[in-house]
There are 2 protein chains.
Amino acid sequence: MNKKKTDLRIVRTKQSIRKAFYELIQEKGYEAITIQDIADRAMINRNTFYLHYQNKPDLLDTCMDELLSELQQTVVLCPFHMNPFRLSRLETVMQAVLEHISGSITLYYAMLVEESRIYPFRAKMEAIIKGKLDEGWNPAQGDSPLAVSKELLLEYLVSAFMGILIWWIKNDRPLSAAEVSSQFSNIVTYGHLRAAGIAVEE
Amino acid sequence: MNKKKTDLRIVRTKQSIRKAFYELIQEKGYEAITIQDIADRAMINRNTFYLHYQNKPDLLDTCMDELLSELQQTVVLCPFHMNPFRLSRLETVMQAVLEHISGSITLYYAMLVEESRIYPFRAKMEAIIKGKLDEGWNPAQGDSPLAVSKELLLEYLVSAFMGILIWWIKNDRPLSAAEVSSQFSNIVTYGHLRAAGIAVEE
DNA sequence: ATAAATAAACAACATCGTGTTCATTATTTA
DNA sequence: TAAATAATGAACACGATGTTGTTTATTTAT
C-alpha cells in the first residue's frame with residue numbers, strides 16, 4: 001500500500017524533456033535533434049537527460065507509447081461489436097481516429113508524414129487499427145468463389161485505412177472527417193468501380 | 001558527337017561502392033552503415049568515397065533511383081490501356097510488380113520492411129504505382145450517390161496495393177504472385193464483404 | 001612510348017555528437 | 001534538521017564525419 005512517492009524533481013524533469021522533444025520533432029524532425037537540443041529546450045543539463053533515458057531512440061519509444069495509448073483509448077471506446085465489417089462500423093472507427101488525430105495534428109504530421117523515418121510509429125498505429133478490425137471476425141460461410149484469406153483482407157483494409165489517413169493529414173484535411181470516413185466505407189464495401197460511379201458488370 | 005570517355009577507374013569504383021552498399025543494407029540496414037564500412041567492403045580508401053558521392057544519403061538517393069527505374073520499366077511495359085480500373089488490368093500490374101520484386105527480394109525487404117527508415121523509397125514506389133493507375137482515368141458519369149473523389153480513390157488503391165505488397169514480402173511470400181493479385185483485385189472490385197464471402201445487402 | 005592529366009591512396013586534422021565518470025551543489029523526503 | 005538523491009558542471013574517451021594536402025598509380029592523349 002505504499003504509494004510510490006516519486007521525487008517531484010523527476011516528474012518535472014521528465015515532463016519538460018518530453019515537452020521539449022515534442023516541440024523539436026515538429027520543428028526540425030526526429031533525426032536532426034541532438035540531446036543537447038533537448039537539454040537546452042528543457043533547460044536541464046545534458047547529463048540529466050541520461051539520468052532518465054538511455055538515448056534518443058529510448059525517448060522516442062516512450063513518447064510514441066504515450067501518444068499511442070491515447071489513440072488506443074479512442075479506438076477501444078468505439079462501438080464496434082458484432083460484425084465489424086458492416087459499413088457504418090468501419091466508418092465510425094475511421095471517423096473517431098481522424099478526429100482524435102486532429103487534436104495533435106502537427107505532431108501526427110511529424111510522425112507520419114514529414115519524418116517517416118520514424119517507422120515504428122506507423123507500424124504501431126496499424127497494429128492498433130488491425131486489432132480493432134479483427135474484433136468479431138466471421139469467416140466466409142461455405143466457399144465463395146471470391147473468398148480471400150483473412151490475413152490478406154485485414155492487411156488490405158488496414159493499409160487502405162492508413163493510407164487515406166496519411167493522405168488526409170498530408171493534404172491538410174481537405175474533407176471533413178465524416179466525409180472521408182464515408183467515402184472510405186463506400187469504396188471498401190461496394191468496390192472501387194461502383195463507389196466511383198462506374199457501372200460494374202457481374 | 002564526342003563519346004564521353006569516362007575514366008575506367010571511376011566506373012569501377014562507383015560500381016564497387018554500390019555493390020558494397022547494397023550488400024551492407026541487406027546485412028545491417030541503412031542506418032548502421034558507416035562510410036568506412038562501405039570503403040572497406042568496396043576495398044577503396046574512405047576518401048575515395050567522397051570523390052564520388054556527397055555523403056550517405058546522396059548515395060542512397062542514387063541507388064534508389066537506379067533500383068526504381070527498373071521498376072518503372074516493368075510497370076510501363078504492362079498492358080494497361082483504356083480503363084485501368086477493370087479487374088484484369090489491376091491484377092496484371094500487381095502481378096508484374098510482385099514478380100519483379102521477387103528478383104531482388106532481399107533488397108526490397110531491406111528497403112520496405114526491415115528498415116523503413118528509408119522512407120522515400122516507399123513514397124517513390126507509391127508514386128510509380130499511382131502514375132500507372134492514373135492512366136486513362138474516367139470520372140463518374142452523372143452523380144452516383146456513392147461517388148468519391150478521384151484523389152481519395154487513387155490514394156485508397158495505392159495504399160492497399162502497397163500494403164499487400166509489403167505484407168507479402170514481410171511474410172515471405174505466402175501465396176503466389178498470381179494468387180495475391182487475384183485476391184487483391186477481387187476485394188478492390190467487389191468490396192470486402194462479397195470478396196470475403198459474406199452476403200451483402202443492397 | 002612517353003608525357004600530361006587525373007583518379008586513388010595515405011595521413012592528418014578539426015569538428016561534432018555520444019555516452020560515461022566523478023566531484024559538487026541543490027532540493028526533497030523522512 | 002539530517003540523510004537521501006536529483007541535478008549540475010567539467011572532463012574525458014570514443015567514433016564518425018567531412019576536408020585538406022601530398023604522394024602514388026593508372027589512364028588517356030600526343
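Labels below follow one simple rule: chain letters A, B, ... track the order of the sequence lines, proteins then strands, and each chain is numbered from 1. No hydrogens, no waters, no symmetry mates; every other heavy atom, side chains included, goes into these values.
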Item to check | B:Lys14 side, atom NZ; B:Ile44 side, atom CD1 - distance, nearest 0.5 Å | outcome: 12.0 Å
Next on the checklist: Can you measure A:Ile10 atom CD1 to D:dA6 atom P for me and round it to whole angstrom units?
Outcome noted: 4 Å
Checklist entry - So B:Glu27 and B:Arg41, salt bridge (Lys or Arg N to Asp or Glu O under 4.0 Å) or not? Walk me through it. => result CA-CA 12 Å; B:Glu27 287 172 26; B:Arg41 179 69 60 104; 2.9 Å; yes
Next on the checklist: So for atom CD, which belongs to A:Gln36, do other residues, nucleotides or ligands contribute more than 12 heavy atoms lying within a distance under 6.0 Å?
Outcome noted: yes
Checklist entry - Should B:Met43 and B:Ser16 be marked as a side chain to side chain contact (heavy atoms under 4.5 Å, CB included) after you check the CA-CA gap, both sets of side-chain angles, and the distance that decides it? => result CA-CA 8 Å; B:Met43 286 182 294; B:Ser16 51; over 6 Å; no
Checklist entry - B:Glu155 versus A:Ile166: any side-chain heavy-atom pair under 4.5 Å? => result no
Between the protein and nucleotides 25-27 of chain C, are there any N/O to N/O pairs under 3.5 Å, and if so, what are the atom names and distances?
residue: C:dT27; atom: O2; partner: A:Arg9; partner atom: NH1; Å: 3.1
residue: C:dT27; atom: O2; partner: A:Arg9; partner atom: NH2; Å: 3.3

Next on the checklist: Distance check needed: D:dA16 C1' versus B:Ile38 CD1, whole Å only.
Outcome noted: 12 Å
Checklist entry - What does nucleotides 12-23 of chain C look like as a protein-contact string, B for base, S for sugar-phosphate only, - for none, at under 4.0 angstrom between heavy atoms? => result -----SBBBB--
Checklist entry - Do the side-chain N or O atoms of B:Thr13 get closer than 4.0 angstrom to the phosphate oxygens (OP1, OP2) of C:dA7? => result no
Checklist entry - Do the non-hydrogen side-chain atoms of B:Tyr30 and B:Lys56 ever get within less than 4.5 Å of each other? => result yes
Checklist entry - Phosphate oxygens OP1/OP2 of D:dA7: is one of them under 4.0 Å from a side-chain N or O of A:Asn45? => result no
Next on the checklist: Contact between A:Leu51 and A:Thr13 at the side-chain level, heavy atoms closer than 4.5 Å - yes or no?
Outcome noted: no
Next on the checklist: Under 4.0 Å, heavy atom to any atom of DNA chain D: which of residues 14-24 of chain B qualify?
Outcome noted: none
Next on the checklist: If I take atom CG in residue A:Asp40 and atom P in nucleotide D:dT8, what distance separates them, rounded to the nearest angstrom?
Outcome noted: 12 Å
Checklist entry - Is there side-chain contact between B:Val188 and A:Tyr156, with heavy atoms separated by less than 4.5 Å? => result yes
Item to check | Watson-Crick or G-U wobble mate for C:dA30, both contacts under 3.5 Å | outcome: D:dT1
Checklist entry - When rounded to the nearest 0.5 angstrom, what distance separates CZ in A:Arg9 from OG1 in A:Thr48? => result 11.0 Å
Checklist entry - Do B:Gln183 and B:Ile164 touch side chain to side chain, with heavy atoms closer than 4.5 Å? => result no
Checklist entry - Is there a side-chain contact between A:Glu99 and A:Thr74, using heavy atoms and a 4.5 Å cut-off? => result no
Next on the checklist: I want to check one thing: is the phosphate of D:dA6, taken as OP1 and OP2, less than 4.0 Å away from some side-chain N or O of A:His52?
Outcome noted: no
